[in-house]
Protein chains: 2
Amino acid sequence: MQDHEHKFAEYLAQKGLKLTAPRKYILLEAFKLHEHFNAEELYEKVKRVTPEVSLATVYRTLPLLMEAGLVQSALRSSGRDRYEHIYGHPKHIHWLCRSCGAIMETDLQPINETIAAQAKTIRFEAQDIELNIKGLCWKCTANDNENQPDES
Amino acid sequence: MQDHEHKFAEYLAQKGLKLTAPRKYILLEAFKLHEHFNAEELYEKVKRVTPEVSLATVYRTLPLLMEAGLVQSALRSSGRDRYEHIYGHPKHIHWLCRSCGAIMETDLQPINETIAAQAKTIRFEAQDIELNIKGLCWKCTANDNENQPDES
DNA sequence: GGAATATTGCAACTGATTCTCAATACAGGG
DNA sequence: CCCTGTATTGAGAATCAGTTGCAATATTCC
Ligand SMILES: [Mn+2]
Ligand SMILES: [Mn+2]
Ligand SMILES: [Zn+2]
Ligand SMILES: [Zn+2]
């Protein structure tokens, strides 16, 4: 049994809930996906393994995975909630290119200290940090310049 | 004419759009609200001044205000997009208490430098920075301790 | 195996946001 | 001031991600 499977079982047990087949498959597929995903995308993946699972169950399981600390919400996009699994993926910054939609990630560590200091000042117990930056990736910046080479 | 009204007029003109009465009232009310607001809340405010305005127009005007740099999206909550005006409100960190829903704000300045450095490394042109932190405010932390004074 | 409880798929529902469309306001040129 | 082409509007219909009720199933514990 994988580490995350173990953690999920533990969380469920402690809540008096059951680690059923649908839940297990949803967890497993969430950990096979290495990009951000929304509920429907996860559902599609799970369906390939167990076609009888329902989208509703995926929607119902996602909050459990989040509470268990196995999945976290990521940058919402085109009107849909998105998620990503947590597994040797320490908290990171998301950079979203407005032009091509690419998402880059960088380390959040460098600002953690500053945040901790501010948290202390306002006496806030931080549980979740989400830092999203929107703009243009280098490719799209380059393309923009091509189209408008002279902006004197 | 206020500063922001001016800026909106300018933006609209440059886009070949018109500064109509509904748009003006929506702008004005957005700037009278000093907390975060969603489309409907803004609509309610506007309706008190000009009852004939429609919710659809509020929804249509918000993107214009954002593109004009007068309003920005804030922490989404209970399934609704939220907004805040920008006016002597430099970018700030949002701290959301999961227990009581309170929102605190602190200065984003201290981490700007770090972000700029990372942006340079990945050659990303940052336009918008959103840093949201969820957890417990000091009041709710205190209440929690009251209820579970001994967690040996 | 059987009772008590949790879970599921399905379909209906909800509610925020977007869209359609016909009516209205507007700007600019005569 | 009138006319014409364009932008805007309110009202209501439509969309669609996410939620929920419910009867059928699965699981747990004895
Ligand atoms: Mn990520
Ligand atoms: Mn704010
Ligand atoms: Zn790009
Ligand atoms: Zn609180």
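Numbers restart at 1 for each chain; the letters A, B, ... are given by sequence-line order, proteins then strands.
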- Where does the angle between the aromatic ring planes of F31(A) and H4(A) fall among parallel (under 30°), tilted (30 to 60°) and perpendicular (over 60°)?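 Answer is parallel, since the angle falls under 30°.
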
- Message: Students often mix this up, so state it plainly: with edges at 30° and 60°, are the rings of H89(A) and H85(A) parallel, tilted or perpendicular?
- Response: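 If you compare the ring of H89(A) with that of H85(A), the planes turn out perpendicular.
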
Round to a whole Å and report the spacing from [atom1] of [X] to [atom2] of [N].
X      : N       : atom1 : atom2 : result
L12(B) : dA27(C) : CG    : C1'   : 15 Å
L62(B) : dT8(D)  : CG    : C1'   : 16 Å
Y43(B) : dG10(D) : OH    : C1'   : 9 Å
K47(B) : dA11(D) : NZ    : P     : 10 Å
K15(A) : dT7(C)  : NZ    : P     : 12 Å
K24(A) : dT7(C)  : NZ    : C1'   : 15 Å
R80(B) : dA17(D) : CZ    : C1'   : 15 Å

- Query: Hey, does N38(A) reach any base, or is it just sugar-phosphate, or nothing, if we go heavy atoms under 4.0 Å?
  - Reply: nothing

- Just checking E52(A): base, sugar-phosphate only, or nothing, at a heavy-atom cut-off of under 4.0 Å? sugar-phosphate

Among [options], find the nucleotide with the atom closest to the side chain of [X].
X      : options                  : result
T57(A) : dT20(D), dT8(C), dG12(D) : dT8(C)
V53(B) : dG10(D), dA6(C), dG9(C)  : dG10(D)
Y59(A) : dC10(C), dA6(C), dA17(D) : dA17(D)
R23(A) : dT8(D), dC19(C), dT7(C)  : dT7(C)

- First of G16(B) and L55(B) reached from the 5' end of DNA chain D, by closest nucleotide: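 Of the two residues, G16(B) wins.
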
- Donor/acceptor link under 3.5 angstrom from R60(B) side chain onto base of dG10(D): yes

- hbond_proxy K18(A) side chain to dT7(C) base (donor-acceptor, 3.5 Å cutoff):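 Answer is no: no donor-acceptor pair is held.
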
- Task: Answer yes or no: does atom CD of E67(A) have more than 12 heavy-atom neighbours from other residues, nucleotides or ligands under 6.0 Å?
- Result: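 For E67(A), atom CD is crowded (more than 12 foreign heavy atoms under 6.0 Å).
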
- Could you tell me which residues satisfy side-chain contact (heavy atoms from CB on, under 4.5 Å) with N38(B), sequence neighbours excluded, listed by chain and number?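 With neighbours one apart ignored, the set is E40(B), E41(B), R80(B), R82(B).
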
- Message: Less than 4.0 angstrom from a charged side-chain N to a carboxylate O is my criterion; do K7(B) and E10(B) meet it?
- Response: no

- DNA chain C: 5'-proximal contact among A56(B) and T20(A) (nearest heavy atom): T20(A)

